[in-house]
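One structure is given here, and the rest of the page talks about it.
Everything quoted here is computed from the prediction, not taken from an experiment.
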Amino acid sequence: MNLLASRPSLHMDGQDGLLFEGVPLQTIASAVGTPCWVTGAGTLRRRTRNLRKAFTERGIDISLHYALKANDHLATLTVLHQEGCGADVVSGGELRRALAAGISPSQIVFSGVGKTDAELMLALQEDIGQINVESVEELRRLSHLARASSLTARVALRVNPHIDAETHDKISTGRLGDKFGIDWADVPALYREASTLPGIDIRGLATHIGSQILSPAPFKAAYARIAEMVVGLREEGLSVSVVDCGGGLGVRYRDELAPPPAALAGAIAETLGHLDLKLAIEPGRWIAAPAGVLLASVIDLKAQREGISDFVIVDAAMNDLARPSLYGAWHGIIPLAPDLAYAETAPQTVVGPVCESSDVLAKDRLLPAVRTGDQIAILDTGAYGAVMSSTYNSRPLAAQVMIENGQWQVVRKRQRVEALWGDDSIPEWLDSE
Ligand code: LLP
């Protein structure tokens, strides 16, 4: 099974079925019920260390600001904090979560278009490490807020370098016409302005060109543009001490040739390594995606006419894992039972119970003949999985479990169905009996 060959955290055991970090997933699925997300702390740690090592080997001292949006569970954040990661946050909520996980404010970077005054004030009051400013207007607003409260913001300007990351359209962020960052041609003038604005301590530049990037070339092109800008600004006598290189390193979901971290480290070393900068990256997916699986059970089977894949209807759906319906994303699926591991396969389409035809988790997938009640694992769902869930169709948020060193624990209870309407209220005029 080549899905297992490239995933060192997963093994098929002849007795216990599919193991994740050595724990039989059938045990978890049966005890906790499905759908259920499982995060492997060992995998999070191993990947973080491998990522860091790639940079150390290139002689680059890198700060890892884990992008919370990929998986913001407090247990995940605690593991990554223990591994020495700071945080990249994109909302007041994420900022509060990072602080709740014990991440020091100085290790937090706040990116994102559309930061409100309240969010900028929170960042100022918490004295976080860096705010990546995304527009002229935001810079001036931040200066005003900082001055009015006698605080100072450490700032980097987020550059839109007009580089196509050659990834899915919906997760590209660095092209002309994308809403993110400041047009690179406008950056020098704004940097000059920033260096004169009260309450602003301008430190450097940031960029993030997209996600699930599978080639080093766009990284290199973007960082070369940033490097040129650093040199130009310094020639004007301006101080540039930090460059935040963003996230975006892709992973193998199917059979993609995902670049190793050494390729990203190489791109950064070649373009920015000689400029005596404090360098940072904001990885999310690369660390978290392979560290999670989503467990589901087969509810029903529906045969189709000749030539059309039979349907396997499971209890996880697009409200749990949005990626397939949103981006046409491909996630590996492996039944948990050992007897199915080597059974003959046939094309089947795995769908959830949500009332939309887009609720397809896997189309025309070669799978063994599963039976009602069988359990499956949907792979590589540790990033942009649980965080993107909704309660559409009044489906409660699924339970979450963390594994480490053979132990496992529920880290988020399945949402109670009553909680779905717990905050609803009925207008008085409807309530008067
Ligand atoms: N930094 C910034 C400013 C970002 O916007 C992002 C992701 C990252 C870092 C982390 O990127 P990563 O290393 O995870 O590629 N929901 C989509 C992905 C959206 C990514 C948004 N920004 C998906 O499921 O593919």
Side-chain angles (χ1 to χ4, degrees), residues 1-7 10 12 17-18 20 25 29 34-37 166-171 211-212 214 250-258 285 289-290 292-385 388-390 392-393 395 398:
M1 295 179 86
N2 56 8
L3 281 178
L4 292 179
S6 54
R7 288 170 178 79
L10 290 168
M12 184 56 78
L18 191 63
F20 187 39
L25 287 171
T34 51
C36 170
W37 305 92
E166 295 161 28
T167 181
H168 194 289
D169 178 55
K170 290 187 179 160
I171 52 175
S211 195
Q212 183 59 5
L214 292 171
V251 298
R252 165 182 274 205
Y253 285 104
R254 190 176 189 174
D255 48 12
E256 305 91 331
L257 275 179
R285 185 191 314 269
V293 297
L294 171 61
L295 305 181
S297 301
V298 177
I299 301 174
D300 207 351
L301 301 163
K302 207 192 254 200
Q304 295 296 292
R305 292 188 189 179
E306 186 72 30
I308 300 181
S309 297
D310 292 344
F311 285 116
V312 175
I313 304 163
V314 299
D315 61 0
M318 65 188 283
N319 73 293
D320 301 299
L321 178 65
R323 302 194 72 255
S325 60
L326 207 49
Y327 318 113
W330 194 101
H331 284 267
I333 292 185
I334 303 183
L336 303 191
D339 63 316
L340 292 174
Y342 301 98
E344 235 179 274
T345 58
Q348 294 167 72
T349 291
V350 182
V351 300
V354 163
C355 300
E356 297 221 11
S357 291
S358 59
D359 185 21
V360 173
L361 296 168
K363 193 163 170 52
D364 300 331
R365 188 67 61 82
L366 280 179
L367 288 172
V370 290
R371 302 141 301 204
T372 300
D374 277 345
Q375 296 152 338
I376 60 167
I378 308 174
L379 309 185
D380 307 316
T381 49
Y384 307 112
M388 291 176 71
S389 296
S390 76
Y392 187 38
N393 280 200
R395 293 171 48 85

Under a 4.5 Å cut-off applied to non-hydrogen side-chain atoms, are [X] and [Y] in contact?
{"X": "W330", "Y": "E256", "value": "no"}
{"X": "L301", "Y": "D310", "value": "no"}
{"X": "L361", "Y": "V314", "value": "yes"}
{"X": "R365", "Y": "V312", "value": "no"}
{"X": "T345", "Y": "L367", "value": "no"}
{"X": "L214", "Y": "T167", "value": "no"}
{"X": "Q375", "Y": "L18", "value": "no"}

To the nearest 0.5 Å, how far apart are [atom1] in [X] and [atom2] in [Y]?
{"X": "L366", "Y": "Q348", "atom1": "CG", "atom2": "CD", "result": "8.5 Å"}
{"X": "D315", "Y": "L295", "atom1": "CG", "atom2": "CG", "result": "9.5 Å"}
{"X": "L321", "Y": "D380", "atom1": "CG", "atom2": "CG", "result": "10.5 Å"}
{"X": "M388", "Y": "N319", "atom1": "CE", "atom2": "CG", "result": "12.5 Å"}
{"X": "L25", "Y": "L10", "atom1": "CG", "atom2": "CG", "result": "7.0 Å"}
{"X": "I376", "Y": "L294", "atom1": "CD1", "atom2": "CG", "result": "8.0 Å"}

Looking at [X] and [Y], what are the two nearest heavy atoms and their distance?
{"X": "N393", "Y": "C355", "answer": "OD1-N, 3.1 Å"}
{"X": "L3", "Y": "G332", "answer": "CD1-CA, 4.1 Å"}
{"X": "M12", "Y": "G17", "answer": "SD-C, 3.5 Å"}
{"X": "V360", "Y": "T349", "answer": "CG1-CG2, 4.0 Å"}
{"X": "K170", "Y": "L326", "answer": "NZ-O, 3.2 Å"}
{"X": "W37", "Y": "A398", "answer": "NE1-CB, 3.7 Å"}

Subject >> Main-chain N/O of V251 paired to Q212 side chain as donor or acceptor, under 3.5 Å >> reply: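 Answer holds: yes.
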Original post:
So, does D359 use its side chain to make a donor-acceptor pair with the main chain of M318 at under 3.5 Å?
Top reply: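 Side chain of D359 to backbone of M318, a donor-acceptor pair under 3.5 Å: yes, one is there.
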Original post:
Do T34 and S297 pass the side chain to side chain donor-acceptor pair (under 3.5 Å) test, and can you show the C-alpha distance, the side-chain angles, and the key distance before you say yes or no?
Top reply: CA-CA 6 Å; T34 51; S297 301; 2.6 Å; yes
Subject >> Pair Y392-E356, side-chain donor/acceptor within less than 3.5 Å >> reply: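 Yes, E356 and Y392 have a side-chain donor paired with an acceptor closer than 3.5 Å.
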**OP:** Determine which pairs satisfy salt bridge (charged side-chain N to carboxylate O under 4.0 Å, His left out) with at least one residue from residues 316-345, sequence neighbours left out, and list them in order.
**Re:**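 Qualifying pairs: D320-R395, D339-R371.
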